[in-house]
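I have placed the structure first, in the form of C-alpha cells, so that the comments after it can refer back to it.
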There are 2 protein chains.
Amino acid sequence: MSFPAASGRRRPVTQEDVARAVGVSRTLVSFAFRGAPGVSPETRDAILEAARRLGYRHNVLAAGLASKRASAVGLYLLDLHNEVYADIFAGVSEALGDGAHRLILGVTDSPSGSGRAAADSLIEARIGVLIAATLTDPDAYIRELTQTVPVVNVARRVPGVDSIYSDDRAGTSAAVSHLLGLGHTRIAHMAGPPHEGHLERRRTYERLMVSAGLEPRVVPAQDYTQEAAERAAHALLAAPERPTAVFAHNDELALGVREAAYALGLRVPQDLSLIGYDNSRLARLRGIDLTSVDLHARDLGKAAGEAALERLAQPEAPAMERRSEPHLVLRASTAGPASS
Amino acid sequence: MSFPAASGRRRPVTQEDVARAVGVSRTLVSFAFRGAPGVSPETRDAILEAARRLGYRHNVLAAGLASKRASAVGLYLLDLHNEVYADIFAGVSEALGDGAHRLILGVTDSPSGSGRAAADSLIEARIGVLIAATLTDPDAYIRELTQTVPVVNVARRVPGVDSIYSDDRAGTSAAVSHLLGLGHTRIAHMAGPPHEGHLERRRTYERLMVSAGLEPRVVPAQDYTQEAAERAAHALLAAPERPTAVFAHNDELALGVREAAYALGLRVPQDLSLIGYDNSRLARLRGIDLTSVDLHARDLGKAAGEAALERLAQPEAPAMERRSEPHLVLRASTAGPASS
DNA sequence: ATGAAAGCGCTAACAC
DNA sequence: GTGTTAGCGCTTTCAT
C-alpha cells in the first residue's frame, strides 16, 4: 500500500471561514449553530449550507472555553467488563437525549484501584457534573470531588451527595431470606474488597445471619472481577466445612464462585446454592440460570442522568436522594441443602 | 437532607493564580507542568507545591485550543454490552500508558445504527487520531472520516486506511472446516446486518460451503445483539429442514442462537452444534462452553493503540496494515450431527 | 532561566 | 437582525 493515509487533510474550517463565505459576522454563525434567537431564517439556512459545504466542525474545546458554564456530563465507570456499567451508560445516555449535553466517559484502568485518574481526566475536561458509578472509592473521596464538581452517585449512596441507589438492605434481605427459607445454615458471603465504601450488602447479610442464630462468613475478593472471586472462593469451597450456599455481592463475583465450584467438582445448585446481584445478562443465560437480585441498572442510569441535568440547572439545591426497590429473580442456582 | 450539595465550589484555579502565588510568570507554570526544559528545579518544586495547595486543575480545553497539534486519541466503540469492546479498550489503554495522550471514548447509541454521532463528537473534541472499532459503518464512511482525522481500524480492514485486524478468512475456515470434519452438511451462518462493510466471514463461509458441494444458508441478524440473533434464529431452527450446525459471526450472536435453540427444546451440541467468534468471557463460562474463534481482542487493541501513536507522529506515512492469526478454541458446543 | 505578548476558535455582552 | 469587541485559560514563539 502506498496511499498516503493522511491524504488531503488541511487546516480545520472555523466559524470565521463560514462567516466569510456567507458574508456575515462570526457571531451570526455562532448563533445559527446553537439555534439562538435573532437570526433570520434565510441567513440561518445560508450559514448552515455553507458550513456543510466547507466541512465545518464545531470545536468543543473552543466553545467550552469561551462559555462560562460547563454543560458536559462526565460518567465515571469502574469496569467495562461488567455489563452493569453498560446498562448504566445506556440509561444515562437515554436521559440526556440528543440534546445539548455532551456525555464524556471515564473508565478506571484497573477494577481494583481507585479511579482517581479517570475522575481527574473528566474534571480536566471541564465537565459540569460528574456521574460516579464506582464501588472502590471511599465516601471521603467522593465528597472531596464535590468540592470541585457536582457529583451524582449511581447505584451507591453517599450521604450529603446526590445519590440514585437501590435499596441494598431489601435486596440482600430477599436473597438471604430465600436461602434461609430453603433450609441453609452455612451461608457465606462473597464480598468485594474490604477497603470500599459500599458495605450495605455485607452488613445486612451479617445482621441477618446473626439474628437467625447463624455464624456469618464473609470472604472478600481482591477486586470486583470474576477471576478474583474465583481465587477467593477456591479456598472457601475446598475446606471440609464448606458452605452450602453463597450470596455474592454481584453477578460478576457469583460467576467466579460458580467457576470455582465446578472446578472442585461441586454442582450448582445440588452441592452449592448461589445468589448473585444485578440480574445481568450473564445471570439470565441458559446454562447459567443464576438467581439474582435485580437492581434495574438501566433505570438507575436513567434516573442518574436526569438528576445530573437537574443538578446542572440548580447547582445550589440541597442534595437529593432517590432510592428504588430491587427484586429477587429466582432461577435454577438455588435449592435446599444436600441432605448430608 | 439540607446540605447544599454544592458547598463551597468557587472559581477554578488557573495557572495565573499559581504564578501569582509563587511570584513567577504564567509561562513558567505552564512549562513546569509539562516537564519542559528550562525551569530550575527550585522554581519547579515551588510551582508544583503551590498548585497542589491551591487545588489547581489543568484545563484540557484551554490547553487543547492553544496547542497547535491535537494529541488526544479517540476510541469509537460499537456497543458496551459486548465484552470484546472492553477488551479492545483495555488493550488501547495499555498501549497509551499513562503518558501524554488522553483517551476519549465515543460509544454508538444503538448497536444497529451507524455511529456517526459518536464519531462526530470525538472529532469535535479535536482528537489527533481516531481508533474505530465498529462493524456497522460502511467502508466509505470510514474513508470519509479520514479526510478529517487520521483513522486506525481495529478488528476490521479498510483498504487504504490503517488497519489492525485478524485474519477472518483463516478463522472462518478453521470453524467451518471443523464442522465439516464432524460430518455436518446443513451448516448455517448467523451473520450481522446486511448493510455492513465487514463481510469476510460470511463470504468465506459461502465459498467453503460451495466448494464442499453444500448449500450456504446465511441468516442476517438485524443488529449485533444477542436478542436480534435470537429472533432471527427462531425461524431458522423451527423449520423442518433446520441446520445441524450454526457458525455465528460472533459470540454475541452465537448466544442468541443458543437461546433460541434451547427455547425450542433443542440441545447443544446434541441437536445443534454451535461456533462463535471472539472467544469472549461468555464463551468460556462453564455451562456455556462455546467453541469459538479467538481473535485476541486485547492484543488487537494494544496494536491499535500503538499504531495510533505512530500515526500521530507520522501523519503522512503510508497506510499500514497488521494482520494477526486467530485460532479456534474447541469446547463443548460442537459434536457430530445426530444420526437421524 | 525567565518573561512578554500573540493568538487558538469560540461565546456573550453590548451596541447599532 | 446584525456586527463589534472582549475575553475564556492555555501554549508558544521570541526576547531578555
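Keep in mind that this is a model prediction, so the values were computed, not measured. By convention in this document, chain letters (A, B, ...) are assigned in the order of the sequence lines, proteins followed by strands, and residues within each chain are numbered from 1.
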message: In this structure, how many angstroms lie between the C1' atom of D:dC8 and the CG atom of B:Asn59, rounded?
response: 9 Å

message: Any side-chain to backbone donor/acceptor pair from A:Ser163 onto A:Asn153? Under 3.5 Å, distance only.
response: no

query: Want to settle it: does B:Ala66 or A:Ser30 sit nearer the 5' end of DNA chain C, counting the closest nucleotide to each?
result: B:Ala66

field: Residue pair A:Tyr76 / A:Arg116: nearest heavy atoms and the distance that separates them
entry: OH-N, 4.1 Å

Nucleotides 1-4 of chain D: which of its N/O atoms have a protein N/O under 3.5 Å away?
unit_1: D:dT2; atom_1: OP1; unit_2: A:Thr43; atom_2: OG1; d: 3.2
unit_1: D:dT2; atom_1: OP2; unit_2: A:Ser40; atom_2: N; d: 3.1
unit_1: D:dT2; atom_1: OP2; unit_2: A:Ser40; atom_2: OG; d: 3.1
unit_1: D:dT2; atom_1: OP2; unit_2: A:Thr43; atom_2: OG1; d: 3.1
unit_1: D:dG3; atom_1: OP2; unit_2: A:Ser25; atom_2: N; d: 2.9
unit_1: D:dG3; atom_1: OP2; unit_2: A:Ser25; atom_2: OG; d: 3.4
unit_1: D:dT4; atom_1: O4; unit_2: A:Thr27; atom_2: OG1; d: 2.6

Boundaries of the chain A footprint along DNA chain C (any atom under 4.0 Å from a heavy atom): C:dG9 to C:dA13

query: Could you give all pairs that pass the side chain to side chain donor-acceptor pair (under 3.5 Å) test and reach residues 24-33 of chain A, with sequence neighbours left out?
result: A:Ser30-A:Arg34

- prompt: Touch check for A:Phe33, heavy atoms < 4.0 angstrom, all strands: base, sugar-phosphate only, or nothing?
  reply: nothing

- prompt: Counting any heavy atom closer than 4.0 Å, what does B:Arg69 reach on the DNA or RNA strands: base, sugar-phosphate only, or nothing?
  reply: sugar-phosphate

message: Let me test you: for the helix from C:dA1-D:dT16 to C:dC16-D:dG1, what is the angle between the axes at its two ends (five pairs each), rounded to 10 degrees?
response: 30°

message: Can you tell me how far apart CD1 (B:Ile88) and CD1 (B:Ile131) are? Round to the nearest 0.5 Å.
response: 9.5 Å

task: Using the side chain to side chain contact (heavy atoms under 4.5 Å, CB included) rule, pick out the option among A:Asp162, A:Leu300, A:Ile164 that qualifies with A:Arg322.
output: A:Ile164

query: With no hydrogens and no angle check, is any side-chain donor or acceptor of B:Asp17 less than 3.5 Å from a backbone partner on B:Thr14?
result: yes

query: With sequence neighbours left out, what residues match B:Ser71 under side chain to side chain donor-acceptor pair (under 3.5 Å)?
result: none

- prompt: Which residues satisfy the side chain to side chain donor-acceptor pair (under 3.5 Å) test with B:Gln15, sequence neighbours excluded?
  reply: B:Tyr56

field: B:Arg126 vs B:Pro41, nearer the 5' end of DNA chain C by closest nucleotide
entry: B:Pro41

field: Nearest-0.5 Å distance that lies between atom CG in B:Asn59 and atom CD1 in A:Ile123
entry: 12.0 Å

- prompt: Got a donor-acceptor contact below 3.5 angstrom from the A:Arg156 side chain to the A:Thr134 backbone?
  reply: yes

- prompt: Can you check whether B:Ala317's main-chain N or O pairs, donor with acceptor, with B:Arg311's side chain at less than 3.5 Å?
  reply: yes

